[in-house]
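The structure under discussion is supplied below as structure tokens; questions concerning it will follow.
No experiment lies behind these values; they were computed from the predicted model shown. Convention: sequence-line order gives letters A, B, ...; per-chain numbering from 1.
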Amino acid sequence: MKRSIALIDVNNFYVSCERVFNPKLNNQPVVVLSNNDGCVISRSNEAKVLGIKMGAPWFKSQELARKHHIESLSSNYALYADMSNRVMAILRDFSPNQEVYSIDECFLDLTGFKDLTAYGQEMRNRILKWAGLPVCVGIGSTKTLAKLANHCAKKMPEFNGVCDFGALADDELNTLLMKIEVGEVWGVGRRLTSKLLALGIKTAYDLKQAEPEYLKQQFSVVMAKTVSELNGTVCIELEEIAPPRKQILSSRSFGQPVRDYSSLAEAITLYMSRAAEKLRVQGSVAGLLHVYIRTNPHKPDDPQYANGMTISLPSPTDDTLQLVKTALWVLKRLYKRHYAYAKAGVSLGDLIPRTSAQIDLFTQTQSNRRSQKLMSTIDQINSKMGRASIKLASEGMRYDWKMRSGRKSPNYTTSWDGLLYVY
DNA sequence: TCTGGGGTCCTAGGACCC
DNA sequence: TCTGGGGTCCTAGGACCC
């Protein structure tokens with residue numbers, strides 16, 4: 001049977017979340033900034049019209065911002081994560097098969113369902129009513145087509161927010177695809193776009209008509225799959241259960257340059273503690289640990305230094321104490337004085353489920369059990385009493401190096417202090 | 001003054017083995 | 001002068017996504 005897959009996506013997600021709790025932002029140009037208030041990562045339509053680009057360094061737009069009174073906000077991930085959970089829960093009622101693809105979008109399998117356009121409108125209405133957020137719905141017989149349909153739903157007003165490719169005749173669909181630039185296709189980024197253009201493939205339709213074998217040879221199997229998906233052959237399945245991560249990263253740019261070892265050590269302790277928490281949430285242990293530090297590459301006149309080191313752990317672990325200890329040992333070897341460091345990070349790799357981990361010959365099982373008990377106690381307290389209620393002393397108290405986040409909205413939905421007052 | 005963070009997959013090439 | 005062939009594993013780098 002022909003599949004029907006929907007992609008539902010919140011419009012301008014972060015900005016829309018902010019607007020739910022601060023309606024003054026409606027109809028105004030608004031942007032949400034990345035960590036450290038560095039780049040623009042979400043824009044209202046009004047801000048897009050003014051020419052603010054996605055990912056652009058915010059300090060370069062200051063003049064434009066002043067001239068047009070663009071509101072800028074620091075990102076508030078606690079708020080966005082909570083709003084995301086609400087949207088996903090609402091959508092779960094519309095299909096037994098859901099894949100949460102990112103913080104603001106999910107796929108639903110609607111195969112066999114009737115009147116899909118009306119069904120999509122129902123989703124839009126309910127999410128607007130229950131969560132206060134605007135969404136668009138794209139429907140196609142593969143994920144790639146659903147993505148493209150979603151693009152049409154967003155950009156072409158005649159669809160009124162819901163576009164079902166399945167409801168179009170073949171030639172209607174082809175005419176539509178001729179209007180879409182090839183770079184809009186899922187999986188085709190900037191580099192591939194320019195290579196495709198050089199081959200004379202300019203639109204989504206051109207790509208659909210291309211010979212898969214030829215493209216496989218010119219590019220890779222990924223591109224060949226994309227072409228098949230455009231032609232309605234499913235190559236990318238719906239993944240209802242998220243597979244465990246193969247790698248866990250934690251890194252941040254500093255709010256100001258950091259020179260001293262002790263601040264770097266505090267940062268590394270914090271990042272590794274976070275990474276270890278994530279590791280335990282998914283029930284894995286790590287066999288590989290990586291630490292890196294670097295100066296600011298955007299200041300080429302300053303002395304530059306960037307270095308990282310990967311360590312294979314003697315036996316895979318999820319113990320914060322052990323991971324932090326190893327990370328600090330690595331940091332000592334990487335650190336050089338007299339540099340202005342801008343960023344540091346850690347990552348954990350070679351992740352395997354804790355239950356199938358090989359315990360090395362010399363690890364005493366008793367200390368192993370004690371460590372597990374300690375970690376789960378810390379995790380429980382922190383989840384109940386708030387993040388970092390218990391933390392390692394080497395994380396420090398001063399946080400001179402912490403990122404800037406000057407214009408963050410309150411945690412409206414996840415903290416009593418952030419609760420909205422109505423007078 | 002000021003340029004994010006967290007992921008995945010694929011490929012080419014080198015090392016090594018028999 | 002002549003310098004095999006086939007296979008696996010690992011890593012770095014490049015591409016993409018949100």
Side-chain angles (χ1 to χ4, degrees), chain A residues 7 9-14 31-42 52-63 65 72 74-77 80-81 84 99-107 143-144 147 150-151 182-196 215-226 235-236 239 242-257 267 271 274-275 278-279 282 287-288 290 292 294-302 308 310 312 340 342-351 402-407:
Chain A
L7 178 78
D9 170 312
V10 182
N11 306 342
N12 313 328
F13 182 54
Y14 296 169
V31 298
V32 170
L33 305 176
S34 65
N35 281 334
N36 251 334
D37 296 341
C39 298
V40 175
I41 53 170
S42 181
I52 302 284
K53 294 274 178 282
M54 186 69 175
W58 180 234
F59 72 91
K60 287 187 177 171
S61 303
Q62 289 309 299
E63 208 167 307
S72 65
S74 306
S75 34
N76 182 348
Y77 291 105
Y80 311 147
S84 172
E99 174 188 338
V100 176
Y101 177 68
S102 76
I103 192 162
D104 73 328
E105 53 190 296
C106 78
F107 291 100
K143 282 182 169 181
T144 303
K147 275 274 198 184
N150 184 279
H151 170 81
V182 73
E184 299 294 340
V185 176
W186 195 36
V188 180
R190 271 226 324 275
R191 300 295 178 105
L192 295 182
T193 300
S194 60
K195 225 180 141 183
L196 284 168
L215 286 183
K216 187 172 168 182
Q217 166 220 325
Q218 289 288 316
F219 298 88
S220 76
V221 296
V222 183
M223 184 66 85
K225 279 186 184 176
T226 298
C235 298
I236 309 168
E239 285 186 31
R245 308 226 167 290
K246 297 175 175 173
Q247 187 183 50
I248 289 172
L249 287 97
S250 178
S251 69
R252 293 277 181 287
S253 300
F254 303 130
Q256 49 192 316
Y271 304 161
R274 287 276 173 280
K278 291 188 213 167
L279 187 65
Q282 77 163 24
L288 224 53
H290 180 82
Y292 71 90
R294 68 161 168 78
T295 51
N296 188 347
H298 299 294
K299 285 186 176 177
D301 295 340
D302 285 6
T310 306
S312 202
K343 186 175 180 179
V346 305
S347 79
L348 296 170
D350 266 8
L351 308 188
K402 273 229 162 152
M403 62 188 191
R404 286 181 302 277
S405 182
R407 307 183 47 76

d(CZ, A:Arg274; P, B:dG6) in whole Å: 11 Å
Distance, C1' atom - from C:dC18 to B:dC2, rounded to whole angstrom: 24 Å
Between P of B:dG6 and CG of A:Leu279, the distance in whole Å: 15 Å
Between B:dG6 (P) and A:Ile41 (CD1): distance, integer Å: 12 Å
Value rounded to 0.5 Å, distance of CD1 in A:Ile41 from CG in A:Leu33: 7.5 Å
Side chain to side chain, A:Thr310 and A:His290, heavy atoms closer than 4.5 Å: yes
Nucleotide-resolved protein contact map, nucleotides 8-18 of chain C, B/S/- at heavy-atom distance under 4.0 Å: -------SSSS
From B:dG7, B:dG4, B:dT3, nucleotide with atom closest to A:Phe59 side chain: B:dT3
Distance (rounded to the nearest 0.5 Å) between A:Asn36 CG and A:Phe254 CZ: 10.0 Å
Sugar-phosphate only, base, or nothing, as touched by A:Asn35 at under 4.0 Å among non-hydrogen atoms: sugar-phosphate
Sugar-phosphate only, base, or nothing, as touched by A:Ser75 at under 4.0 Å among non-hydrogen atoms: nothing
Length of the CZ-C1' vector between A:Arg294 and B:dG4, whole Å: 10 Å
Interatomic distance where CG belongs to A:Asp37 and C1' belongs to B:dG4 [whole Å]: 11 Å
Gap separating the CD atom of A:Gln218 from the CE atom of A:Met223, nearest 0.5 angstrom: 10.0 Å
Rounded distance in Å - CE (A:Met54) to P (B:dG5): 15 Å
Selected nucleotide, minimal atom distance to A:Pro57 side chain, candidates B:dG5, B:dG7, B:dT3: B:dT3
A:Ser220 OG to A:Leu215 CG distance, which is reported to the nearest 0.5 Å: 10.0 Å
Touch class at under 4.0 angstrom, heavy-atom based, for A:Lys299 against every strand present: sugar-phosphate
Contact nearer the 5' end of DNA chain B, comparing A:Tyr14 with A:Lys246: A:Tyr14
A:Glu239 bridged to A:Lys143 by N-O distance under 4.0 Å: no
Closest-nucleotide ordering on DNA chain B, the 5'-leading residue of A:Ser251 and A:Asn296: A:Asn296
Whole-Å gap separating P (B:dG4) and NZ (A:Lys343): 7 Å
Pairwise C1' distance for C:dG4 and B:dC16, with rounding to whole Å: 16 Å
Inter-residue atom distance A:Cys106.SG - A:Asp9.CG, 0.5 Å rounding: 9.5 Å
A:Phe219: ring-ring contact (aromatic ring centres under 6.0 Å, His included) partners, not counting sequence neighbours: none
Parallel, tilted or perpendicular, as decided by the 30° and 60° cut-offs, for the rings of A:Phe107 and A:Trp186: tilted
Any A:Ser253 side-chain N or O less than 4.0 Å from OP1/OP2 of B:dG5: yes
Separation of B:dT3 P from A:Gln62 CD (nearest whole Å): 12 Å
Pairing pattern in dot-bracket form [Watson-Crick, G-U; both distances under 3.5 Å; | = partner strand] for DNA chain C: ....||||||||||||||
Parallel, tilted or perpendicular: ring planes of A:Tyr14 versus A:Tyr77, cut at 30 and 60 degrees: perpendicular
